[in-house]
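Have a look at the structure below before the remarks.
Order of appearance sets the numbers: ligands from 1, and atoms from 1 within every ligand. Starting from 1, each residue takes its place in the sequence as its number.
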Amino acid sequence: MPEVTASAPGRVNLLGEHTDYQGGFVLPTAIPQRATVGLGRNGSSTHVLYSANLEKTLRVAVGEVGTEFAPYLTGCLQLSGVTEGLNIHISSEVPSGGLSSSAALEVATLRALRELYGLELDDVALALRGVQVEHEFVGVKCGVMDQLASSLANTRTLLLVDTRSLERRAVPFPAGAEVLVMDSGVPRRLAESGYNERRTQVEEAARLLGVRELRDVTDISVVETLPSPLKERARHVISENARVLEGLEADAAQFGQLMNATHASLRDDYAVSHPLVDDLVALLQAQPDVFGARITGAGFGGAVVALVREGTAAAVGTAVLADYGTLGKVVVP
Ligand code: GLA
């Protein structure tokens with residue numbers, strides 16, 4: 001039996017995609033699905049890591065990083081100063097692909113470690129430690145959104161975060177609307193390398209524009225001075241930031257239009273969508289009860305999110321799934 005058990009939710013982001021590593025704004029909410037981690041001391045100098053989803057055990061010596069799913073856990077252990085062997089049991093309901101399954105795992109693990117060792121770690125510091133795990137152990141140069149959302153968000157409100165100052169506040173969902181999330185079934189290939197490449201590109205764009213981060217650009221027309229694809233990449237980040245701020249004042253219909261614009265921008269300027277995901281988004285956007293729809297998370301496949309009329313999410317999802325299934329295209333695993 002584990003000595004402690006903790007869990008943390010995945011998240012879905014409604015507006016503010018690929019802005020969180022340029023000091024921008026994000027507007028995610030927690031999803032009901034959670035990752036759960038149980039752990040306890042095993043009296044040896046080896047960690048025994050078991051994934052219930054994969055039905056797989058990994059053994060990693062204390063101080064080593066390991067492979068497969070181990071770095072998500074050993075990163076948390078090393079950054080928390082753990083020097084003894086632990087048994088760790090992980091299981092997760094968070095689907096992989098755009099819903100922060102890895103952040104949920106990290107936050108759940110860090111919560112369990114905080115409890116086991118009585119670590120002095122507030123919820124923001126805990127989230128930032130999860131980000132550090134991604135950077136130093138997993139190799140993804142992610143921003144701060146996912147871990148902050150997993151650590152701080154709830155399912156009843158949106159969480160506005162200024163990713164530069166880390167100021168945040170709860171924002172109500174647009175009245176009369178609810179959220180529908182669908183898995184496109186498109187596996188996220190090359191997501192890590194593509195993600196890090198986008199990050200390098202927008203850092204270069206900021207450097208060429210002479211700003212600390214693209215958050216600081218006030219006149220979007222300056223992107224015209226950049227060479228492609230930096231121009232398009234920067235245009236996405238700057239326009240997306242503005243959409244988050246507009247979304248705070250929007251009713252459901254306007255909010256949905258902003259989500260549709262985000263999708264076009266992620267597809268055309270940021271180039272992180274996929275033709276099948278575009279099909280699924282288009283099917284959603286054509287539904288009368290859908291205010292707006294878009295790819296969510298890092299992209300390159302994975303999940304889509306729609307804002308739909310309250311009470312219709314299940315029916316919309318079922319209708320769209322039937323059409324999506326008859327598109328007759330083959331998803332290469
Ligand atoms: C991933 C990263 C986040 C964020 C999103 C895109 O989920 O982990 O930091 O950059 O992509 O918005």
If I apply the N/O under 3.5 Å rule, does M145 come out as touching ligand 1?
no
Sub-3.5 Å N/O-N/O distance, E17 and ligand 1:
yes
Is there a donor in the side chain of D162 and an acceptor in the side chain of S165, or the other way round, less than 3.5 Å apart?
yes
Here the atoms of ligand 1 under 4.0 Å from any heavy atom belonging to Y21 are 10 (O)
Testing the 3.5 Å rule here: is there a donor-acceptor pair between the side chains of E232 and S228?
yes
Just to confirm my output: which protein heavy-atom neighbour is closest to atom 9 (O) of ligand 1, and how far is it?
D20 OD2, 2.6 Å
Closer than 4.0 Å to some heavy atom of H18 - which atoms of ligand 1 meet that?
6 (C), 12 (O)
Between T19 and ligand 1, does any nitrogen or oxygen pair lie at a separation below 3.5 Å?
no
Hey, which atoms in ligand 1 end up nearer than 4.0 Å to a heavy atom of Y195?
1 (C), 2 (C), 3 (C), 4 (C), 9 (O), 10 (O), 11 (O)
T262 and E17: side chain donor to acceptor below 3.5 Å:
no
Would you mind running through ligand 1 and noting each atom that sits below 4.0 Å from a heavy atom of G143?
9 (O)
Tell me whether N13 has any N or O atom under 3.5 angstrom from an N or O of ligand 1.
no
Would T163 and R215 count as having a side-chain donor-acceptor pair, cut-off 3.5 Å?
no
Answer yes when D146 and R11 have at least one side-chain N-carboxylate O distance shorter than 4.0 Å, and no when they do not.
yes
Nearest heavy-atom neighbours spanning G10 and A104:
N-CB, 4.0 Å
Would you say R11 contacts ligand 1, with heavy atoms under 4.0 Å as the rule?
yes
Numbered in order shown, the ligand 1 atoms found under 4.0 Å of a heavy atom of C142 are 2 (C), 8 (O), 9 (O)
Would you say D146 has any N or O atom under 3.5 Å from an N or O of ligand 1, going by distance alone?
yes
Check: F300 ring centre within less than 6.0 Å of Y270 ring centre:
no
Under 4.0 Å between a side-chain nitrogen and a carboxylate oxygen: does that hold for R164 and D216?
yes
